[in-house]
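Sharing a structure here in structure tokens format.
Here the structure is a predicted model, which means the values were calculated and not measured.
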Amino acid sequence: MTTTCLSCRIELPPREGAGRPSRYCSDTCKRVAGYEITRLNRRLQKLEERLSVEREEKYYNAATKSEDWKMSYGMEGTYRIEALQAEIDIANKRLMELCTDSG
């Protein structure tokens with residue numbers, strides 16, 4: 001099985017001896033991945049907050065039957081929610097790649 005560095009994606013040499021296989025080609029790549037994890041966590045927090053606000057506004061306006069609901073939160077609101085969820089899914093996938101054990 002060929003493994004690649006989780007940060008720079010170069011092929012890693014095969015592991016000699018016992019132990020867990022390497023996930024990074026160098027300490028630099030390991031640090032870069034750590035910074036990326038921190039950035040992804042911050043981004044996910046902001047995206048999830050925005051998604052929550054969009055959902056609250058959509059359902060509040062639907063429940064109160066606000067006259068401008070269709071204009072502000074009809075299909076456009078649905079598209080914003082779908083776009084936010086897609087961004088959250090992408091960030092979660094990358095975070096899982098960085099945080100799960102390979103092999």
Practice task
Could you pull out the closest heavy-atom pair between Leu84 and Glu54, with the gap in Å?
Solution key: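 In terms of heavy atoms, the two residues are closest at CD1-CG, 3.8 Å.
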Exercise for the section: Measure the CG-OG1 distance between Leu12 and Thr4 for me, rounded to the nearest 0.5 Å. Expected result: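 Separation between the atoms: 6.5 Å.
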Handout entry: Backbone N/O of Met96 and side chain of Thr100: donor-acceptor pair under 3.5 Å
Key =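 Yes; judged by distance alone, with no hydrogens or angles, the pair exists.
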Determine all donor-acceptor pairs shorter than 3.5 Å in which one atom belongs to a side chain in residues 30-40; sequence neighbours excluded.
from, atom 1, to, atom 2, distance (Å)
Glu36, OE1, Arg94, NH2, 3.1
Glu36, OE2, Arg94, NE, 2.9
Thr38, OG1, Gly34, O, 3.2

Handout entry: Heavy-atom closest contact (Cys29 atom, Cys25 atom, distance)
Key =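 Smallest heavy-atom distance, with atoms named: SG-SG, 3.5 Å.
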Practice task
Any chance you could measure Ile10, atom CD1, to Ser26, atom OG, to the nearest 0.5 Å?
Solution key: 7.5 Å
Problem - Point-to-point distance, once rounded to the nearest 0.5 Å, from CD1 of Ile81 to CZ of Arg50 - result: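 Result: 12.0 Å between the selected atoms.
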Practice task
Could you tell me whether a side-chain N or O of Arg23 sits under 3.5 Å from a main-chain N or O of Leu98, the two making a donor and an acceptor?
Solution key: yes
Handout entry: Gap separating the CG atom of Asp89 from the CD atom of Glu82, nearest 0.5 angstrom
Key =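 CD of Glu82 is found 11.5 Å from CG of Asp89.
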Problem - Donor-acceptor pair between Asn41 and Gln45 side chains, under 3.5 angstrom - result: no
Problem - Pairing residues for Glu87 by the side chain to side chain donor-acceptor pair (under 3.5 Å) criterion, not counting sequence neighbours - result: Arg43
